[in-house]
Visitor: 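First the structure, then my questions, so here it is.
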Amino acid sequence: AKSQGRNNYKFYNRKMNEKAAARLIMENALRQAIEKGEFELYYQPQYCLVNKTISGCEVLLRWFHDDKFIPPDVFIPLAEETGLIPSIGQWVLEQGCHQGAQWISKGINIPTVAINVSAFQFQHEFYRMVDNALRKTGFPANRLELEVTESALMADAVRTQRLLTAFKKSGIKISLDDFGTGYSSLAYLKKFSLDKLKIDRAFIDGLPDDKDDMAITASILDVAKHLGLETIAEGVETQEQLDFLEAYGCDNVQGYYFSKPIPASEFELLINASNDI
Ligand code: C2E
Ligand code: CA
Ligand code: CA
Ligand code: CA
């Protein structure tokens, strides 16, 4: 038993080393991804259920490395742990704003461009980074939306308040992403002035059959309405989900039912093909 224990330990140790090595390889690859041009932005349309038009798009980062697609759920956490997220986040901001400005100059009307912001980015210097991206690209502040998570707001209430006030003053909208999945959600709604609530896909998945998901989604929409917050549901895949959200007064929707995230050129075709749903 003793020697078997040692073997298990060895095995475990080797596994650990393999994992650590793989991680290091990926970290190094990620470090070079920007200069090697391996990142691309995809865009997923968001639809307004009131006007039946495209209300904007969410920008989603894609990493193509060695002919492989590495999902953001894998590399974003790694970027956060290794301190690479500020430079990657800056690249996303500048490219996203640049694309938005190009669309405007081509006469393509995208009301808002929504960019995901990591909690690790939501620091003091972040406002300046956003401001620089807008200046550099000429993209108007009032068309930019930042999708932040509760963990971004959690760290330091005073600092967060200052940042949010600065963004509000410049016309940049703030959307609370993954809503309902974090902690003490309602406290944040009261404390901070936000523009939009984004209901997480986890709740939309169960519509319209799961009683709990129905109750949670309906409650979130109700609270948002009372607080004067705009709403958007992500991960809408079926007509039934759409019907439920429309019946309960959700303002905007996004999901595979309408379109997957697509490259900029495809997004332009989609916009030109129809502005209606
Ligand atoms: P998220 O912000 O919650 O983004 C929504 C995710 O749901 C995206 O996955 C999107 O492609 C996917 N999705 C959209 N509609 C549907 C649907 O109808 N069904 C299903 N099953 N999925 C749908 P993606 O692109 O893999 O991104 C995963 C996460 O990675 C994002 O979650 C976000 O947290 C993060 N992420 C992506 N791009 C960026 C970025 O530029 N910066 C940062 N900080 N995070 C990013
Ligand atoms: Ca998001
Ligand atoms: Ca989500
Ligand atoms: Ca997320």
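What's counted below: heavy atoms across the whole structure, side chains too, no hydrogens, waters or symmetry copies.
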Visitor: What pairs of residues pass the salt bridge (Lys or Arg N to Asp or Glu O under 4.0 Å) test when at least one of them lies in residues 56-68, not counting sequence neighbours?
Guide: Glu58-Lys198
Visitor: Could you note down all residue pairs passing ring-ring contact (aromatic ring centres under 6.0 Å, His included) where residues 213-246 supplies at least one of them, sequence neighbours left out?
Guide: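 Every pair satisfying ring-ring contact (aromatic ring centres under 6.0 Å, His included) with a residue in residues 213-246: Phe244-Tyr248.
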Visitor: Treating Ile, Leu, Val, Met, Phe, Trp and Tyr as nodes and any side-chain heavy-atom pair under 4.5 angstrom as an edge, say whether Leu84 and Val117 lie in one connected cluster.
Guide: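 Linked, Leu84 and Val117 end up in one cluster.
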Visitor: With a 4.0 Å cut-off, would you call Asp131 and Arg135 a salt bridge?
Guide: yes
Visitor: Under 4.5 Å between any side-chain heavy atoms of Phe267 and Ile108, yes or no?
Guide: no
Visitor: Among Asp251, Leu197, Val223, find the residue that satisfies the side chain to side chain contact (heavy atoms under 4.5 Å, CB included) test when tested with Leu229.
Guide: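 In the set Asp251, Leu197, Val223, the residue that makes a side chain to side chain contact (heavy atoms under 4.5 Å, CB included) with Leu229 is Leu197.
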Visitor: Any chain of hydrophobic side-chain contacts (each under 4.5 Å) joining Phe192 to Val158?
Guide: no
Visitor: Should Phe122 and Tyr127 count as side-chain neighbours, where that means a heavy-atom distance under 4.5 Å?
Guide: no
Visitor: Among Ile, Leu, Val, Met, Phe, Trp and Tyr joined by side-chain contacts under 4.5 Å, find the other residues sharing a cluster with Tyr42 and list them by chain and number.
Guide: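 Phe64, Phe69, which link up through side-chain heavy atoms under 4.5 Å apart, make up the rest of the cluster.
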Visitor: Go through the steps to decide whether Lys168 and Asp195 satisfy the test side chain to side chain contact (heavy atoms under 4.5 Å, CB included), and finish with yes or no.
Guide: CA-CA 9 Å; Lys168 192 172 211 97; Asp195 299 287; 4.1 Å; yes
Visitor: Apply the test side chain to side chain contact (heavy atoms under 4.5 Å, CB included) to residues Asp243 and Gln239: give CA-CA distance (whole Å), side-chain angles for both, the deciding distance (0.1 Å), then the verdict.
Guide: CA-CA 6 Å; Asp243 291 343; Gln239 177 74 52; 2.9 Å; yes
Visitor: Under a 4.5 Å cut-off applied to non-hydrogen side-chain atoms, are Glu40 and Trp63 in contact?
Guide: no
Visitor: Just verifying a value: how many Å separate Thr231 OG1 and Leu49 CG, rounded to the nearest 0.5 Å?
Guide: 8.5 Å
Visitor: If you round to the nearest 0.5 Å, how far is CD1 of Ile85 from CG of Leu78?
Guide: 10.0 Å
Visitor: Is the closest side-chain donor-acceptor distance between Ser55 and Gln46 under 3.5 Å?
Guide: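 On atom types as modelled, these side chains do not qualify, holding no pair under 3.5 Å.
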Visitor: Would you please test Leu186 and Lys190 for side chain to side chain contact (heavy atoms under 4.5 Å, CB included) and show each step?
Guide: CA-CA 6 Å; Leu186 297 176; Lys190 192 178 159 192; over 6 Å; no
Visitor: Measuring from atom OG1 of Thr149 to atom CZ of Phe179, what distance do you get when rounded to the nearest 0.5 angstrom?
Guide: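 Answer rounded to 0.5 Å: 12.5 Å.
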Visitor: Nearest heavy-atom pair of Gly56 and Pro111: which atoms, and what distance?
Guide: N-CD, 4.3 Å
Visitor: In plain terms, say whether Glu81 and Arg23 are close enough for a salt bridge, that is, a side-chain N and a carboxylate O under 4.0 Å apart.
Guide: yes
Visitor: Going by salt bridge (Lys or Arg N to Asp or Glu O under 4.0 Å), name the pairs with one or both residues in residues 107-120, residues two or more places apart or in two chains.
Guide: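 Qualifying pairs: none.
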Visitor: Do the side chain of Gln44 and the main chain of Val59 share a donor and acceptor less than 3.5 angstrom apart?
Guide: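 Checking the backbone N and O of Val59 against the side chain of Gln44, no donor-acceptor pair under 3.5 Å is found.
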Visitor: Does a donor on one side chain sit under 3.5 Å from an acceptor on the other, for Glu234 and Gln254?
Guide: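 No, no side-chain donor-acceptor contact under 3.5 Å.
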Visitor: How would you list, by chain and number, every residue that makes a side chain to side chain donor-acceptor pair (under 3.5 Å) with Arg31, sequence neighbours excluded?
Guide: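 With sequence neighbours excluded, Arg31 shows a side chain to side chain donor-acceptor pair (under 3.5 Å) to Glu27, given in chain and number order.
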Visitor: For Ile172, enumerate each residue passing the side-chain contact (heavy atoms from CB on, under 4.5 Å) test, keeping only those at least two apart in sequence or located in another chain.
Guide: Val130, Leu134, Ala141, Leu144, Leu146, Phe167, Ser170
Visitor: Can you list the residues that meet the side chain to side chain donor-acceptor pair (under 3.5 Å) rule with Asp213, with sequence neighbours excluded?
Guide: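 None.
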Visitor: Can you name the closest pair of heavy atoms from Asp178 and Glu150 and give their distance?
Guide: O-OE2, 4.3 Å
Visitor: Could you tell me whether the side chain of Ile174 reaches within less than 4.5 Å of the side chain of Leu164, counting heavy atoms only?
Guide: yes
Visitor: For a quick test of reading the model, state the closest non-hydrogen atom pair linking Ala233 to Cys250 and the distance between them.
Guide: N-SG, 3.8 Å
Visitor: Determine the minimum heavy-atom distance between Glu147 and Ala114, stating which atoms define it.
Guide: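 Closest approach of Glu147 to Ala114, heavy atoms only: OE2-CB, 3.5 Å.
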Visitor: Under the side chain to side chain contact (heavy atoms under 4.5 Å, CB included) criterion, do Phe75 and Leu61 qualify, and how do the steps go?
Guide: CA-CA 10 Å; Phe75 73 81; Leu61 182 57; 3.6 Å; yes
Visitor: Listed by chain and number, what are the salt bridge (Lys or Arg N to Asp or Glu O under 4.0 Å) partners of Asp222, not counting sequence neighbours?
Guide: none
Visitor: Check whether any side-chain heavy atom of Tyr257 lies under 4.5 Å from a side-chain heavy atom of Gln241, and answer yes or no.
Guide: no
Visitor: With sequence neighbours left out, what residues match Glu237 under salt bridge (Lys or Arg N to Asp or Glu O under 4.0 Å)?
Guide: none
Visitor: Answer yes if Ile115 and Ile34 sit in the same cluster of Ile, Leu, Val, Met, Phe, Trp and Tyr residues linked by side chain heavy atoms under 4.5 Å apart, and no otherwise.
Guide: yes
Visitor: Which pairs, with at least one residue in residues 87-108 and sequence neighbours excluded, count as a side-chain hydrogen bond (donor to acceptor under 3.5 Å, both in side chains)?
Guide: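 Checked against side-chain hydrogen bond (donor to acceptor under 3.5 Å, both in side chains) - neighbours excluded - the pairs reaching residues 87-108 are Gln90-Glu94, Glu94-Lys136, Gln99-Trp103, Trp103-Glu268, Lys106-Glu268.
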Visitor: When you check the gap from the basic side-chain N to the acidic O, do Lys225 and Glu230 get nearer than 4.0 Å?
Guide: no
Visitor: For Glu18, enumerate each residue passing the salt bridge (Lys or Arg N to Asp or Glu O under 4.0 Å) test, keeping only those at least two apart in sequence or located in another chain.
Guide: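 In terms of salt bridge (Lys or Arg N to Asp or Glu O under 4.0 Å), with neighbours along the sequence ignored, Glu18 is linked to Arg14.
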Visitor: Side-chain heavy atoms under 4.5 angstrom apart, residues restricted to Ile, Leu, Val, Met, Phe, Trp, Tyr: same cluster for Leu270 and Val236?
Guide: yes
Visitor: How close do Glu80 and Ser118 get, heavy atom to heavy atom, and via which atoms?
Guide: OE2-OG, 2.7 Å
Visitor: Do Leu60 and Leu93 belong to the same hydrophobic cluster, where Ile, Leu, Val, Met, Phe, Trp and Tyr are linked whenever their side-chain heavy atoms lie under 4.5 Å apart, directly or via other members?
Guide: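 Result: no, two separate clusters.
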Visitor: Roughly how far, to the nearest 0.5 Å, is OG1 of Thr217 from CG of Asp200?
Guide: 10.0 Å
Visitor: What I'd like to find out is whether the side chain of Ile110 reaches to under 4.5 Å of the side chain of Ile104, using heavy atoms alone.
Guide: no
Visitor: Of the non-hydrogen atoms in Glu145 and Ser175, which two are nearest, and what is the gap between them?
Guide: OE2-CB, 3.6 Å
Visitor: With a 4.5 Å heavy-atom cut-off, do Leu242 and Phe258 have their side chains touching?
Guide: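 Yes, at least one pair of side-chain atoms sits under 4.5 Å.
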Visitor: Calculate, to the nearest 0.5 Å, the distance between atoms CD and CG belonging to Glu125 and Leu163 respectively.
Guide: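 The CD atom of Glu125 sits 9.0 Å away from the CG atom of Leu163.
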Visitor: I'd like to check the salt bridge (Lys or Arg N to Asp or Glu O under 4.0 Å) partners of Arg159; sequence neighbours left out, ordered by chain and number.
Guide: none
Visitor: Can you check whether Arg201 reaches Thr181 side chain to side chain, under 4.5 Å on heavy atoms?
Guide: no
Visitor: In Å, rounded to the nearest 0.5 Å, how long is the span from CD1 of Ile271 to CD1 of Ile54?
Guide: 3.5 Å
